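The sequence lines fix the lettering, A, B, ..., with proteins before strands; numbering per chain opens at 1. Scope of the values below: all heavy atoms of this structure, side chains included, with no hydrogens, waters or symmetry mates. On a predicted model such as this, the values are computed, not experimentally measured, just so you know.
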2 protein chains.
Amino acid sequence: MVGEATVDEAREGLLEELSTVSRRYMASYALFNQAVADHLRLHPTDLQCLNLLTLESGPVTTGRVAELTGLTTGSATRLVDRLERAGYVVRERDASDRRRVLVTMVPERIAEFGQVWRRLGKGWSALFDDLDDSQLGLIIDHMRRTTEFSAAQVARLRAGEV
Amino acid sequence: MVGEATVDEAREGLLEELSTVSRRYMASYALFNQAVADHLRLHPTDLQCLNLLTLESGPVTTGRVAELTGLTTGSATRLVDRLERAGYVVRERDASDRRRVLVTMVPERIAEFGQVWRRLGKGWSALFDDLDDSQLGLIIDHMRRTTEFSAAQVARLRAGEV
DNA sequence: GTACGATCTCTGCGTGGCGCAGAGGAGAGG
DNA sequence: CCTCTCCTCTGCGCCACGCAGAGATCGTAC
């Protein structure tokens, strides 16, 4: 019993530590994103959006941009305005449904900050040098599950359940 | 040689996957933070700040708030204004150096959204049930190192080094 | 074909967070 | 006492955002 208790306590301690570290981790990303955005003379939201667009397969609608970023459709329109003015994306009406507007990334322009990303990511992969593949897989899996969990919690919050 | 090549490719694939998953992970946090902020009728920045304050040991100065959030000192002043008006923190001049203003959290008020956090975190710890302590430690360690790396990159970016 | 409701995007407006630059007040050294 | 520096606050302008309604297009029923 004593043994189990101490094991649980150790476990609690680890989870507590993880909670703390997670928050610092997130905070550091916010600062990082801000710094990169400043460097590229972009609004943080705009950079975040470009980031998300690179994760999508093919063009997306303005409405989808709103979903991805959590903005209203009106604000998404303005966001696409800025990105288009800056030359990162182009608008084109969907031929099959002319109400919709497809946002397509401009490869050359995206490649530009791909360069910045790569330079910044130089030391990043070194962080994993002493990890084997299974450990890498563990981290990937954890992030994936956390992302799903987070999305579910967001849905609950928006539904006003919590 | 062929063997090594495929191993490297597998490794590349894992890192590529991690890169993708990381970005989704970060994006989901941004949405989560936004959703929680909406729920608490707070600005995302304000919530983020409170989050960071709970990670600090004891009161912090307004200047420190600026550092933590990445805002200018002027905006940090306004941020503390909002938090104070909402009752989450109190200001008091530092007795030993009367130029400085110490920002102290109001425990009762913080406890309130501690409740929300706990309810949302209910299923969170379940994400780790099938992980043993060493695996947990691995994730903690990874986050810690990434946080440090990120801070270094931010410093480089701000210094204009890229 | 027409009418009607639903869906998608855009636009005018007001609010408010943010950076910037300078003011005000407090400490440190000559 | 003077100056130099440091910390915080304030006035100002900019612009991202939400909101609500307009405009355009699609689907469906008649």
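- Taking side-chain N and O atoms only, A:Thr62 has no distance below 4.0 Å to OP1 or OP2 of C:dC8.
- One can place CG of B:Leu79 at 11 Å from P of C:dG19, the figure rounded to the nearest angstrom.
- Distance CG (A:Asp81) to P (D:dA16): 10 Å, rounded to an integer number of Å.
- Across all strands, A:Leu71 comes closer than 4.0 Å only to sugar-phosphate atoms, never to a base (heavy-atom distances).
- Rounded to an integer number of Å, the gap from NE2 of A:His43 to P of D:dC14 is 16 Å.
- In the model, B:Thr72 has a side-chain atom that pairs as donor or acceptor with a side-chain atom of B:Ser75 under 3.5 Å.
- In A:Arg98, the CZ atom is not crowded: 12 or fewer heavy atoms of neighbouring residues, nucleotides or ligands sit closer than 6.0 Å.
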Find every protein N or O atom lying less than 3.5 Å from an N or O atom of nucleotides 19-26 of chain D, and list the pairs.
from   : atom 1 : to      : atom 2 : distance (Å)
D:dC26 : OP1    : A:Arg98 : N      : 3.1

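- The side chain of A:Thr77 contributes no N or O atom lying less than 4.0 Å from OP1 or OP2 of C:dT11.
- When atom types are taken as modelled, the side chain of A:Thr147 and the backbone of A:Met143 share a donor-acceptor pair closer than 3.5 angstrom.
- Atom CD of B:Gln48 is separated from atom P of C:dG17 by 16 Å (rounded to the nearest Å).
- Side-chain atoms of B:Gln153 come within 3.5 Å of backbone atoms of A:Leu120 as a donor-acceptor pair (strictly under, hydrogens ignored).
- For the side-chain contact (heavy atoms from CB on, under 4.5 Å) criterion with B:Leu42, the lone passing option out of B:Leu40, B:Asp38, B:Thr45 is B:Leu40.
- Residue A:Arg109 comes nearest to A:Ala86 through the heavy atom pair NE-O, 3.0 Å, listed as atom of the first residue, atom of the second, then distance.
- Side chains of B:Thr104 and B:Arg91: a donor-acceptor N/O pair is absent below 3.5 angstrom, by distance only.
- Across the protein-nucleic acid pair, B:Arg85 atom CZ and D:dC9 atom C1' stand 15 Å apart, rounded to whole Å.
- The residue A:Arg91 sits close only to the backbone: its heavy atoms come under 4.0 Å of sugar-phosphate atoms, none of a base.
- Distances from the side chain of B:Arg82 to the nucleotides D:dC17, C:dT11, C:dC18 place C:dC18 closest.
- Atom CD in B:Glu92 sits about 19 Å away from atom P in D:dC7, given to the nearest Å.
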